[in-house]
Undergrad: 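Provided herewith is a single structure, encoded as structure tokens, for subsequent inquiry.
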Amino acid sequence: MKIAIVGQGYVGLTLAIGAAGAGHTVIGFDINTDLVLELKQGITRVPGVESSELISLIDKKNYTPTNDPTNLIGAEIVVIAVPTPLDINKNPDLKYLEDASTLVAQILTSDTLIINESTSFPGTLRQLIKPIFDKKNKFRFEFASAPERVDPANNDWVLKNTPRVIGGLTDKAADRAASFYRSFCDEVHVVSCPEVAEAAKLFENTFRQVNIALVNEFAKVTHSLGFSTHEAINAAATKPFGFMPFYPSIGVGGHCIPVDPTYLSYYADRNHVETEFIKLANQTNLEMVDFIVSRISTELNGNLQGARIQIAGIAYKPDVADLRESPALTLIKKLNDLGSSVTWFDQVVVTDLPGRSTNLDSNIDLGLIVTPHSDIDFSIWKDKDLKVLDLSVSKKDYCLPKYL
Ligand SMILES: NC(=O)c1ccc[n+]([C@@H]2O[C@H](COP(=O)([O-])OP(=O)(O)OC[C@H]3O[C@@H](n4cnc5c(N)ncnc54)[C@H](O)[C@@H]3O)[C@@H](O)[C@H]2O)c1
């Protein structure tokens, strides 16, 4: 089938390569001309997408990255995978989705199945996307929702073996979408309507957000009592039923956990339903940085002013280049505001944020492990026996001052 995928970021590119690898002819459309230029040269920053694979699929004409929307014409299926962030007031910002839908609706010249993979609140497909097509185009379209669950840099759960939830506006749409996803996904779970699929996606990430908040709160308790959070969590995790371990950190980042629960609470608010639990969890995770700053201050005997602090890894999680909503950015700002001299080393992210070091330094008062990308070499900190606080989610001692 000819498939067009609108948005070639983490989600869209992963899908494009999966679908192209399964033998479909895939058009990868993005408005970012620099990104398209890079993709054409086989350059990718999306974990799990290899440059060699990209080049081979382009050579075989299974995959064509483009910023020319006329290439969408003739696609049997158009999948939309564009950002759905929060706006300045921390409300859902659906402008990318609206713009992408408008552009696609204006260009298509035949009946097509439109699938939305972008995360949004229930009703987005039916009440936002479909009306745009109805208004802009005389052709008859089918619509389905298939929210993406990709977990960048997770090598165990990938596009193929992560079950896909699908809800169609009609049975025909659901069947067509299911058959497309079955061509490269092991398991497809069809639900009764798009709203269920949209809600399930938000609930999955809200579940994580709430549990992360709970464990972050637990970390404060164990710290005040003077024992290891990780040891306590690992002890609880020996229970073979009814418990799932989560680990504390400086907060949550990326395009999902800090954002999706707000889409759910926004939707609930609109329907006059209280979601205090979600809002409290969000607040708890945001406040974690303040707790960390006080921990750092204790480590430095209250001498934050002028302290030379270096952070290892500022992305929101290891081995991804994504800086969106990364709590490391808030930590850097707070420490700088308190007069510390903060540098950071991260060989994965691409950013012009000030304070970058090209290596881990030994000439520091405190090292902070925030996002330990797998190839960071900590030997310089180890060899010099520097004071280091491990704030990462990795299963290490967390609440006591930690030396590597
Ligand atoms: N990143 C994740 O781990 C993840 C996981 C599951 C779901 N999601 C969801 O998937 C969606 C996409 O997220 P992402 O991480 O891939 O975002 P991204 O920023 O990595 O990629 C989105 C791409 O869409 C492009 N774009 C924006 N407007 C466009 C338009 N009108 N036409 C064509 N291209 C356009 C951007 O240039 C960008 O390259 C979001 O709703 C997100 O919540 C993300």
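Atoms within a ligand are numbered from 1 in the order they appear, just like the ligands themselves.
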Undergrad: How long is the span from the OG1 atom in Thr284 to the CG atom in Leu280, to the nearest 0.5 Å?
TA: 4.0 Å
Undergrad: Number the atoms of ligand 1 from 1 as they appear, then name those within less than 4.0 Å of a heavy atom of Cys256, with their elements.
TA: 2 (C), 4 (C), 5 (C), 6 (C), 44 (C)
Undergrad: Quick test of your reading of the structure: of Val11, Leu103, Leu15, whose heavy atom lies closest to atom 10 (O) of ligand 1?
TA: Val11
Undergrad: Polar contacts were defined as any N/O atom of the residue lying under 3.5 Å from an N/O atom of the ligand; does this apply to Asp322 and ligand 1?
TA: no
Undergrad: Atom CD of Gln209 and atom CG of Asn285: how far apart are they, to the nearest 0.5 Å?
TA: 6.0 Å
Undergrad: Which ligand 1 atoms does Phe29 reach within 4.0 Å, using its non-hydrogen atoms?
TA: 32 (N), 33 (C)
Undergrad: Please confirm whether Val6 approaches ligand 1 to less than 4.0 Å, judged on its heavy atoms.
TA: yes
Undergrad: Can you sort out which atoms of ligand 1 are near Thr84, meaning under 4.0 Å from one of its heavy atoms?
TA: 40 (C), 41 (O), 43 (O)
Undergrad: Suppose we measure from atom 13 (O) of ligand 1 to each protein heavy atom; which comes out shortest, and what is that distance?
TA: His255 CD2, 3.6 Å
Undergrad: Near Asn32, which atoms of ligand 1 are under 4.0 Å from a heavy atom of that residue?
TA: 37 (O)
Undergrad: Measure the distance from atom 15 (O) of ligand 1 to every protein heavy atom, then report the residue, atom name and distance (to 0.1 Å) of the closest one.
TA: Arg324 NH2, 2.9 Å
Undergrad: May I ask you to list the atoms of ligand 1 that are less than 4.0 angstrom from any heavy atom of Leu35?
TA: 39 (O)
Undergrad: Do Asp68 and Thr70 have a side chain donor and acceptor closer than 3.5 Å?
TA: yes
Undergrad: Do you know which two heavy atoms are closest between His24 and Ser183, and how far apart they sit?
TA: NE2-OG, 2.8 Å
Undergrad: Atom CE of Met288 and atom CG of Leu391: how far apart are they, to the nearest 0.5 Å?
TA: 9.0 Å
Undergrad: Under a 4.0 angstrom heavy-atom cut-off, which atoms of ligand 1 come close to Lys201?
TA: 6 (C), 7 (C)
Undergrad: Using a distance-only test with no angle check, is there a side-chain donor-acceptor pair under 3.5 angstrom linking Ser357 and Gln310?
TA: yes
Undergrad: Quick check on Glu76: does its CD atom have over 12 non-hydrogen neighbours (other residues, nucleotides or ligands) under 6.0 Å away?
TA: yes
Undergrad: Answer yes or no: is there a side-chain heavy-atom contact under 4.5 Å between Leu97 and Ile129?
TA: yes
Undergrad: Salt bridge or not for Lys95 and Asp99, using N-O below 4.0 Å?
TA: no
Undergrad: Under 3.5 Å between some N or O of ligand 1 and some N or O of Asp30?
TA: yes
Undergrad: Which atoms of ligand 1 have any heavy atom of Pro152 under 4.0 Å away?
TA: 3 (O)
Undergrad: To which protein heavy atom is atom 7 (C) of ligand 1 closest, and what is the distance rounded to 0.1 Å?
TA: Glu148 O, 3.4 Å
Undergrad: Counting heavy atoms only, name the option from Pro83, Gly7, Ser101 that's nearest to atom 22 (C) of ligand 1.
TA: Pro83
Undergrad: Flag Thr119 as yes when one of its N or O atoms lies below 3.5 Å from any N or O atom of ligand 1, and as no otherwise.
TA: yes
Undergrad: If you count heavy atoms of other groups shown closer than 6.0 angstrom to CG of Asp87, is the number above 12?
TA: yes
Undergrad: So which heavy atom in the protein is nearest atom 40 (C) of ligand 1, and how far is it from that ligand atom?
TA: Val82 O, 3.3 Å
Undergrad: Please list the nearest protein heavy atom to atom 28 (N) of ligand 1 with its residue and the distance rounded to 0.1 Å.
TA: Ile31 CD1, 3.5 Å
Undergrad: Atom CZ of residue position Arg270 - does it have more than 12 heavy atoms of other residues, nucleotides or ligands inside 6.0 Å?
TA: yes
Undergrad: For Tyr10 and ligand 1, does the shortest N/O to N/O distance drop below 3.5 Å?
TA: yes
Undergrad: Could you check atom 5 (C) of ligand 1 against the protein and tell me its nearest heavy-atom contact, residue, atom and distance included?
TA: Val150 O, 3.3 Å
Undergrad: Tell me the protein heavy atom at minimum distance from atom 21 (O) of ligand 1, and give that distance in Å.
TA: Gly9 CA, 3.2 Å
Undergrad: Verify the neighbour count for atom CZ of Phe277: are there more than 12 heavy atoms of other residues, nucleotides or ligands below 6.0 Å?
TA: no
Undergrad: Decide if atom CG of Asp352 counts as having more than 12 heavy atoms of other residues, nucleotides or ligands within a radius under 6.0 Å.
TA: no
